[in-house]
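Heads up: the structure comes next, in structure tokens.
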2 protein chains.
Amino acid sequence: MDLSERQLQILQAIITDYVENAEPVGSRSIAKKYDLGVSPATIRNEMSDLEEMGYLTHPHTSAGRVPSDKAYRLYVNNLMKRKNLSAKDKKMINDRLSASRDEFDRTIRHAAELLSEITQLASFAMTPAANEETISFIRLMHVDDRTLILMIVSESGNVTNTTLRLNCDCTQEMLELLSKNMTVNYKGRTLDDVLKSEIIEDVGTDIEAMNQLRGSVMPSFMRTLEDMLNVNLYMEGMTNIFNLPEYSSIDRARDFMELFAQKDWFTQKMLARDEGVVVTIGEENESLKDCTLITATYHVDGKMVGKIGVIGPTRMKYDEITSIMEYLTNNLSETFKLTDGSSGDGTEDR
Amino acid sequence: MDLSERQLQILQAIITDYVENAEPVGSRSIAKKYDLGVSPATIRNEMSDLEEMGYLTHPHTSAGRVPSDKAYRLYVNNLMKRKNLSAKDKKMINDRLSASRDEFDRTIRHAAELLSEITQLASFAMTPAANEETISFIRLMHVDDRTLILMIVSESGNVTNTTLRLNCDCTQEMLELLSKNMTVNYKGRTLDDVLKSEIIEDVGTDIEAMNQLRGSVMPSFMRTLEDMLNVNLYMEGMTNIFNLPEYSSIDRARDFMELFAQKDWFTQKMLARDEGVVVTIGEENESLKDCTLITATYHVDGKMVGKIGVIGPTRMKYDEITSIMEYLTNNLSETFKLTDGSSGDGTEDR
DNA sequence: TGTTAGCACTCGATGAGTTAGAGTGCTAAT
DNA sequence: ATTAGCACTCTAACTCATCGAGTGCTAACA
């Protein structure tokens, strides 16, 4: 059943007012503040209908109305309009992101900081998942007879390394041989693919020492690949939520904070979300049943996908926040476009 | 002015009781629970004296007494006895630390987790400061004509790398030459030393291309050195404090959480603390005026110093917690002793 | 002189009772 | 269909009385 134009107007007014003031909205204040040309009594009737349809709730008989998750959903899908960012916010984003342009992780973290500063909510940013990254080469470097550095380089320029201590001696030549062998085996394959595959036994030689070396190196190799898959998660502004009336009770605040203490769990949840700006409201979330979670994605080299997000009560400025996140992710994607090497000091760290 | 034996007994009883129950302690309950052989009236008189001397305070006239910072300080310095860890805690520490033995950062993080689980307070762990680490060698690896990997290896086996994009071409030979040159210049010097020193201009050649390459690489080299100096800080169990009556008000809880949102600031503070088990109580802390902070240090290769710490209200079980931290840091130092390479799967990641 | 019993006094916590005000829901008039 | 009017509901805020834990003082006691 569709809502009438007037019902939509009233609903929008209630949402606007409630988002602003965090207090149940009465018919009288709607009639006064928003010029709908009808009396409070009429609004009351409409409110009653809206409540019956599940768009509003009632904390108790003699209180005003509060928008339900369903109302916010309707608002986000149909009612709200993109907001233009204030010049101040735009400037802040541009300045702060470009200041950290040449260091990847720092830029991501700054994005999260910005997001929480502007929205005054809790926010996070994640580096892209590397599952689809492909291996470029593997190198084992001789440090001393029992120590070597294992280095894995991906085709997008990601480098990870580990220092290994062996309990058998190894020579420079052995390491070079094994490097070559591993590179031949794994070059061009994705990390995911390699991790799932059987460990290749063939070293291309049957010299006992080589096999022993391989046996020592492979477990660390796999573990290092796993490390490369780990996305970094930066959370910022968690304490902002203390300023919101929704979290004025210790229990609510505790629940909120505890959720984000489980970083691994949270990361998995966020990785599973779709690309683009995604809004999940209240009950739509598995946990966080009284929070809204908004995520957006940015791209690196036009390909890999990282995420930023905002977490707050369902009562939030959906229009502003989604606009900010869109602007911010566009900006990030632009920053991380494959460069032609003509910017800054001539170097670009990753 | 020294305290009499009986005053010490009473003070100790009050501290024990207050630490346990978080409520002002009255003379009657002391007389009942702790067999001091004197009546409540006598205890009242002593309490009054202790208050005059600054060891106790009074929330209001008709409430019991609460230990002051000064009382806790006396307790920590003179009264408390080391506690033996429970077999359960010992087992937990041994099991959980050895499970992550071969990955340095993970072990550190697990130590923080353990500490917060056992103490039910907020805790942290920091990797060692690398200021005194010395450089072993520097290598520049050719990826393609405009991309290279910069790798810095310290003598203790720490490796850091950065991928650089150049805006001029470079050849394999050029990179090898520069690697050698840089290694000769910096080998054996500490990171601190190198960072403070002037950038060396002499590349050992006056070929223009080499100078240009050097100019591109050096800023990233310095930045990467700075990265190596950064200690990692892991914080765990921040939400534990919500369970304490001290933080049942939102404002207190907020203040607490906000302090730890400033990780950089916190890291600096912690780095400045002395080695060994250090307890700072209430006003003794610059910030955190109503918290107690206990830190302890562990050693890596018997040399570099990392820290773990516990943060909670001044009302905490000083005897248990210091004992746990002593045990835990000893265990960590043992774990990170220079190995003879005969453990585990024959490899050891760092 | 140190210790103790006794007692008046203080002060926060608790709970009951009251009131004010915001807001609804219904009815009847427009 | 809309609206004015009004009775009704419910919470928040306030007051007031009571309770009880605990002190501090005094006087008696060993």
Side-chain angles (χ1 to χ4, degrees), chain A residues 2-11 13-15 17-18 20-68 71 245-246 248-249, chain B residues 1-11 13-18 20-68 71 245-246 248-249:
Chain A
D2 267 357
L3 300 182
S4 71
E5 186 58 31
R6 193 170 67 190
Q7 283 175 325
L8 289 176
Q9 279 179 352
I10 291 174
L11 192 57
I14 293 173
I15 290 174
D17 203 81
Y18 185 70
E20 183 74 25
N21 303 311
E23 260 161 41
V25 188
S27 54
R28 229 178 92 82
S29 63
I30 291 289
K32 237 194 288 183
K33 284 194 225 170
Y34 305 85
D35 196 20
L36 302 179
V38 288
S39 75
T42 310
I43 294 175
R44 270 205 294 284
N45 289 331
E46 298 284 30
M47 277 171 144
S48 187
D49 292 348
L50 284 167
E51 178 160 9
E52 211 169 305
M53 289 186 270
Y55 291 104
L56 297 175
T57 53
H58 231 180
H60 56 86
T61 344
S62 69
R65 297 312 211 290
V66 174
S68 67
E246 275 85 352
S248 61
S249 107
Chain B
M1 179 171 56
D2 269 358
L3 299 183
S4 71
E5 187 59 31
R6 193 170 66 188
Q7 284 174 324
L8 289 175
Q9 279 179 354
I10 291 174
L11 192 58
I14 292 173
I15 290 174
T16 307
D17 203 80
Y18 185 70
E20 183 75 26
N21 304 311
E23 260 160 40
V25 188
S27 54
R28 230 178 90 83
S29 64
I30 291 290
K32 237 194 286 184
K33 285 194 223 167
Y34 306 84
D35 197 20
L36 303 179
V38 287
S39 75
T42 310
I43 293 176
R44 269 205 294 284
N45 289 331
E46 297 285 29
M47 277 171 145
S48 187
D49 292 348
L50 284 168
E51 180 161 8
E52 212 167 307
M53 288 185 272
Y55 291 103
L56 297 175
T57 53
H58 231 182
H60 55 88
T61 345
S62 69
R65 296 316 208 289
V66 173
S68 66
E246 276 85 352
S248 59
S249 108

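Predicted, not measured: the structure shown is a model, and the values here were computed from it. In the text below, chain A, chain B and the rest are named by the order of the sequence lines, each starting its count at 1.
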Counting only side-chain N and O atoms of [X], is one of them less than 4.0 Å from OP1 or OP2 of [N]?
X	N	value
B:T61	D:dG22	no
A:R28	C:dG21	no
A:S27	C:dG23	no
B:S39	C:dT4	yes
A:S62	C:dT24	no

Kindly point out which of [options] is positioned nearest to the side chain of [X]?
X	options	value
B:H58	C:dT4, D:dG24, C:dT24	D:dG24
A:S48	C:dG25, D:dG24, D:dT3	C:dG25
B:A41	C:dA5, D:dT23, C:dG25	C:dA5
A:V38	D:dT23, C:dG12, D:dT3	D:dT3

Can you find a pair of side-chain heavy atoms, one from [X] and one from [Y], that are under 4.5 Å apart?
X	Y	result
A:L11	A:E46	no
A:R6	A:T42	yes
A:D17	A:E23	no
A:V66	A:V25	no

Whole-Å distance between [N] [atom2] and [X] [atom1]?
X	N	atom1	atom2	result
B:I43	D:dG22	CD1	C1'	13 Å
B:R65	C:dT10	CZ	P	17 Å
B:H60	D:dT23	NE2	C1'	11 Å
A:L56	C:dT24	CG	P	10 Å
B:R6	C:dT4	CZ	P	8 Å
B:M47	D:dC25	CE	C1'	17 Å
A:N45	C:dT27	CG	C1'	12 Å
A:L50	C:dG23	CG	P	17 Å

**Message:** What's the separation between atom OG in B:S4 and atom CG in B:L50, rounded to the nearest 0.5 Å?
**Reply:**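 The distance works out to 8.0 Å.
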**Request:** For B:P59 and for A:P24, locate the closest nucleotide of DNA chain C by heavy-atom distance; then report the residue assigned to the nucleotide nearer the 5' terminus.
**Result:**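 Whichever sits nearer the 5' end wins; that is B:P59.
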**Item:** hbond_proxy B:R44 side chain to C:dG6 base (donor-acceptor, 3.5 Å cutoff)
**Value:**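 Checked by distance alone, the answer is yes.
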